[in-house]
2 protein chains.
Amino acid sequence: MEKAINKKRAKLSRDMIETAAFEVIEREGLVGFSMRKLAQALGCEAMSIYHHYPSQAHLFEALVERLICELEIPPHDLPWRHRAKAVVSDYRAMARAHPAFAPFLVTYRMNSPKCLKWLDGVIGLFEDGGFGKERSARMFRALGYYLMGAILDETAGYARGPSAVTTVDDEQLRREFPYVAAAGTYFSTGEFDKTFEMGLDMLLDEMEREVAGSGRPTLSAAR
Amino acid sequence: MEKAINKKRAKLSRDMIETAAFEVIEREGLVGFSMRKLAQALGCEAMSIYHHYPSQAHLFEALVERLICELEIPPHDLPWRHRAKAVVSDYRAMARAHPAFAPFLVTYRMNSPKCLKWLDGVIGLFEDGGFGKERSARMFRALGYYLMGAILDETAGYARGPSAVTTVDDEQLRREFPYVAAAGTYFSTGEFDKTFEMGLDMLLDEMEREVAGSGRPTLSAAR
DNA sequence: CTTGACAACTTACACTGTAAGGATCATCAA
DNA sequence: TTGATGATCCTTACAGTGTAAGTTGTCAAG
């Protein structure tokens, strides 16, 4: 009798669930997300989702996999610097397309084969460029640190609301914290790209120096 | 009649609560933390804490403040590079002393006067070093990105348990993802300091180049 | 002793993830 | 056609969460 209602929805699938999950996360925020809200977006009950994923953690991991799988390793015949920059830019663009999910994405430790394949390509990129095993590993890490931090900052507005403690107004800011006030101009969202590029190029420049003149002393080694 | 029990505890205070909160967070993890567990550690009821903090968010913000207030800005008469390195190292050491709390700490947007005072000192450090307003802002950000990412990675083990998806064993890792396997040696906790120092020095080297020869073209500007 | 303020507690509510088991439905064998 | 077997989805229930609202205990001032 009441089954007449249920024909308006196609059968659930991992694809549907994940697509809806991304929408709910971006709409409600990462902490505002819940299995019940996801179910509502899907037009089903919360427990139905558990037939496709054993837990919320598994679902979230599937989301990470789905995003990482969209990424590609740039062709091997390009210079390593181009490739590194492309990989970093691609990842950043992908993360910023899902700002509310980004905090989970960047702090997730990738263990699955699909993710490891991408990781392997990225680290291999450095070895192709002439860095040894150790330098490749550390360069990858350094670049990853920078990328991770940047994404977190750039997407921070979506992760947590405004602070609850006593904030200072613009007037007080300019008077008591002049350096912060002056820097604020360059902290706006419109400046994200330029700031990110600058830091990225700094790291890449330094890496290029290292791989170009492996024998020559660097600044830090000289002093 | 049952009041005989309650004399074994001093009156609650913000100091007591915060100290206990740090302990509970490190013991139970950030997600494992709850007001009820904190209350249990304090020997009181959960709602008693709300007499001292209007919400859990306020409590967490007080924790951040407490940590930031411990930090100091290095003396002005030191070279800017020394000062920058000291500030970064201090912050990293502080964050790593509270690994479970670190994810909250680094993603928290500091708005309170006490935190802003420290921030102002850090940005001012660059201006003292001869960077202009814009460069100071961007250098601060770049260094902050790197620092943030590094801390998150270094403390990641405390934030989230092992992955739930299908992981690969060492045998498979070496066969299918040789670059990752080779890099793994340098990803262990024992290598954190060295990797961090390398990336940090790379950024500082590049900054030193920029501030030293403001007219001379950099590598990235030349190409 | 009374009064009042404050600190701590009690209760209750809406929400969370998910364990356990029941209902429905498509598919295939007899 | 019938019966059985899964796959899929739903219902109920439970222990846990943050916290709003109201209640009690404690202690100093009048």
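For clarity, every value in this text was computed on a predicted model and none was experimentally measured.
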- Item | By salt bridge (charged side-chain N to carboxylate O under 4.0 Å, His left out) - contacts of A:D90 (at least two apart) | none
- Message: When you compare the side chain of A:L143 with that of A:V122, does any pair of heavy atoms fall below 4.5 Å?
- Response: no
- Message: Nearest whole Å is fine: how far is D:dT17 C1' from B:F60 CZ?
- Response: 13 Å
- Note on the structure: Taken to the nearest whole Å, NE2/A:H58 to P/C:dA19 is 11 Å
- Message: Measuring only between side-chain heavy atoms, which start at C-beta, is B:M16 closer than 4.5 Å to B:K11?
- Response: no
- Message: Whether the side chain of B:R36 and the base of D:dG16 hold a donor-acceptor pair under 3.5 Å is what I'd like checked.
- Response: no
- Message: Please verify the inter-ring angle class for B:F60 with B:F33; under 30° counts as parallel, over 60° as perpendicular, anything in between as tilted.
- Response: perpendicular
- Message: Rounding to an integer number of Å, can you tell me how far B:Y53 OH sits from D:dG18 P?
- Response: 16 Å
- Query: Hey, are the side chains of B:L152 and A:Y145 touching, using non-hydrogen atoms and a 4.5 Å cut-off?
  - Reply: no
- Whole-Å gap separating C1' (C:dA7) and CG (B:L42): 14 Å
- Message: What is the distance, to the nearest angstrom, from the CG atom on A:L38 to the C1' atom on C:dC15?
- Response: 16 Å
- Note on the structure: note: A:I49, atom CD1; C:dT18, atom P; distance rounded to Å ~ 11 Å
- Task: Using whole Å, report how far OH of B:Y50 lies from P of D:dT17.
- Result: 11 Å
Distances for protein N or O near nucleotides 7-9 of chain D N or O, under 3.5 Å:
| unit_1 | atom_1 | unit_2 | atom_2 | d |
| --- | --- | --- | --- | --- |
| D:dC9 | OP1 | A:L12 | N | 2.8 |
| D:dC9 | OP2 | A:H52 | NE2 | 2.8 |

- Query: In whole angstroms, how far is the C1' atom of D:dC10 from the CD atom of A:Q40?
  - Reply: 16 Å
- Is there side-chain contact between A:F192 and A:R96, with heavy atoms separated by less than 4.5 Å? yes
- Item | DNA chain C: 5'-proximal contact among B:G43 and A:G32 (nearest heavy atom) | B:G43
